[in-house]
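One structure below.
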Amino acid sequence: MPEFTVFKGSPNGEIVECRTRRPDPRGDEVLVRVTHSGLCGTDEHYRHADIVLGHEGAGLVKSVGSNVISLKVRDRVGWGYEHGSCRQCKHCLRGEELYYAQRRIYGECTPDQGSFAHAGIWPEDFLYKIPDGISNAEAAPLMCAGSAVFSPLQKFKVAPTERVGILGVGGLGHLAIQFAAKMGCQVVVLSGTETKKGEAMALGASEFYVFKDYSPTMKPLDHLLVTSAQQPKWELICQIMAHGGTIYALTVDMEEMRFPYPQLVMKALRIQGSLPAARESQREMLEFTARHKIKPITMVFPLNREGIEEAMEVLRQGKMRYRGVLAHRM
């Protein structure tokens, strides 16, 4: 029976190191030795919960169950926000398993497993082969952050002729810029300060505007990906959206959303929530990333209690550039 180290949250917010035991992989299960884990803002939300943290895992297949078909020992794989589903309901059969009512996602299931660990056992269908050209350290943040921004661009058929706004140059935003640019879109970056202009343009932005207390003078946006940690001033957002434009809410903010109703109606705006990518989209995201050489900008910390505490403190202070990655020194 495999036994491995995991790192959990706690009521006082401290990271707790402990051991967990799981039965050997059976059926479609796969034992993965974790080499890297991404750090996501969602992990901060669960820091006070008694669960194993982390949902951006990358590692090596160590052993497989008897029904595993596509994976073998030593394959490099990753997993993300979703851990399982029934695979039989209309949502799952349509490739919408993330919206299945009994979905198995981070924070709501498998409290004894996560990517802040030295190993984990996951269903084959929810593991993704990491393509050549992407290291495990690069793959880990793609498992959630990458899929979160790739998904709306692909799912809602954003056209290469359209203007795509990215609000925020951070953990999600710096990847969204690269994806949208490689898809051929006009990428317009909105940031609270001028300091990130050079980096945004180097990542593929076509235009850059400071966006804080007023709306810049600019050609309207067909799409806007909200990747900032907090909700923007929606009355200002309305002013920069094209008629019939779509706003995609991608990040977690527990505050109520108060949107100007007249603008929503008169400009025929759409507000679209979106979770990370479904399974096939996740695979396509990784292939697209490898083909176009998209790279997350990362800061690396040890995958131990001290390293996790340090990385989470850097994230809390807003000093992460741009995704934290925890590396297990084996």
Side-chain angles (χ1 to χ4, degrees), residues 6-17 36-58 80-81 106-107 114-117 137-138 140-146 148-149 166-178 189-200 202-203 205 208-213 225-233 249-255 276 295-329:
V6 297
F7 301 92
K8 305 174 71 173
S10 66
N12 65 5
E14 292 182 0
I15 302 301
V16 177
E17 177 179 338
H36 296 81
S37 173
L39 172 64
C40 181
T42 311
D43 300 319
E44 179 68 17
H45 291 294
Y46 286 113
R47 185 166 56 93
H48 294 275
D50 183 26
I51 64 171
V52 180
L53 299 173
H55 60 287
E56 292 185 336
Y81 184 67
Y106 174 57
S115 60
F116 289 12
E138 294 165 339
L142 294 172
M143 294 300 154
C144 177
V149 294
I166 311 293
L167 179 60
V169 185
L172 295 181
H174 89 285
L175 288 168
I177 294 168
Q178 295 181 73
V189 173
L190 306 169
S191 180
T193 68
E194 188 81 17
T195 57
K196 296 181 180 179
K197 180 177 180 178
E199 195 159 42
L203 289 169
F208 182 97
Y209 299 95
V210 175
F211 182 86
K212 196 169 185 180
D213 297 321
L225 275 61
V226 178
T227 70
S228 54
Q230 297 178 332
Q231 293 186 48
K233 296 178 179 178
L250 306 182
T251 49
V252 177
D253 186 322
M254 305 310 291
E255 299 296 323
K295 302 290 184 182
I297 297 171
T298 62
M299 295 174 65
V300 180
F301 305 84
L303 182 46
N304 56 32
R305 189 180 64 79
E306 294 78 11
I308 295 168
E309 292 274 17
E310 180 186 0
M312 295 186 86
E313 181 60 27
V314 171
L315 182 65
R316 279 193 292 274
Q317 292 179 7
K319 297 179 179 179
M320 192 69 76
R321 297 293 182 267
Y322 282 112
R323 295 298 288 190
V325 174
L326 304 163
H328 183 206
R329 314 241 193 276

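Reckoned from all heavy atoms, side chains included, excluding hydrogens, waters and symmetry mates. Numbers here simply count residues along the sequence, with the first being 1.
Scanning for ring-ring contact (aromatic ring centres under 6.0 Å, His included) contacts around F301 gives an empty result, with sequence neighbours left out. With sequence neighbours excluded, the residues forming a ring-ring contact (aromatic ring centres under 6.0 Å, His included) with H174 are Y322, listed by chain and number.
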*Should D43 and H55 be marked as a side chain to side chain donor-acceptor pair (under 3.5 Å) after you check the CA-CA gap, both sets of side-chain angles, and the distance that decides it?*
CA-CA 8 Å; D43 300 319; H55 60 287; 3.3 Å; yes
_side-chain contact (heavy atoms from CB on, under 4.5 Å) between F211 and S191, worked out_ = CA-CA 5 Å; F211 182 86; S191 180; over 6 Å; no
*Full working for side-chain contact (heavy atoms from CB on, under 4.5 Å) between I308 and F116*: CA-CA 8 Å; I308 295 168; F116 289 12; 3.8 Å; yes
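With a 4.5 Å cut-off on side-chain heavy atoms, D50 and K8 count as touching. Between H36 and H328 the shortest side-chain heavy-atom distance does not fall below 4.5 Å.
Aromatic ring pairs are classed by plane angle as parallel below 30°, tilted from 30° to 60° and perpendicular above 60°; the pair Y46 and Y106 is perpendicular.
Between the side chain of K196 and the backbone N or O of V169, at least one donor-acceptor pair lies under 3.5 Å. Not one N or O on the side chain of S10 forms a donor-acceptor pair closer than 3.5 Å with the backbone of I15. At distances below 3.5 Å, not a single donor-acceptor pair connects side-chain atoms of S37 with backbone N or O atoms of G54. Checked by atom type and distance alone, the side chain of R323 never pairs as donor or acceptor with a backbone atom of P141 at under 3.5 Å. Here the side chain of E56 pairs no donor or acceptor atom with the backbone of S115 at under 3.5 angstrom. Panel note: side chain H48, backbone P11; a donor-acceptor pair is recorded below 3.5 Å.
Residues in residues 298-311 take part in no side chain to side chain donor-acceptor pair (under 3.5 Å) pair, two or more places apart or across chains.
Residue P302 comes nearest to L326 through the heavy atom pair O-CD2, 3.7 Å, listed as atom of the first residue, atom of the second, then distance.
The CG atom of L167 lies 6.0 Å from the OG1 atom of T227; values are rounded to the nearest 0.5 Å.
No more than 12 heavy atoms of other residues, nucleotides or ligands lie within 6.0 Å of CD in Q230, so this atom counts as exposed by the packing criterion. No more than 12 heavy atoms of other residues, nucleotides or ligands shown are found within 6.0 angstrom of NZ on K197.
Checking L315, V314, V325, L39 one by one against M299, the side-chain contact (heavy atoms from CB on, under 4.5 Å) holds for a single residue, V314.
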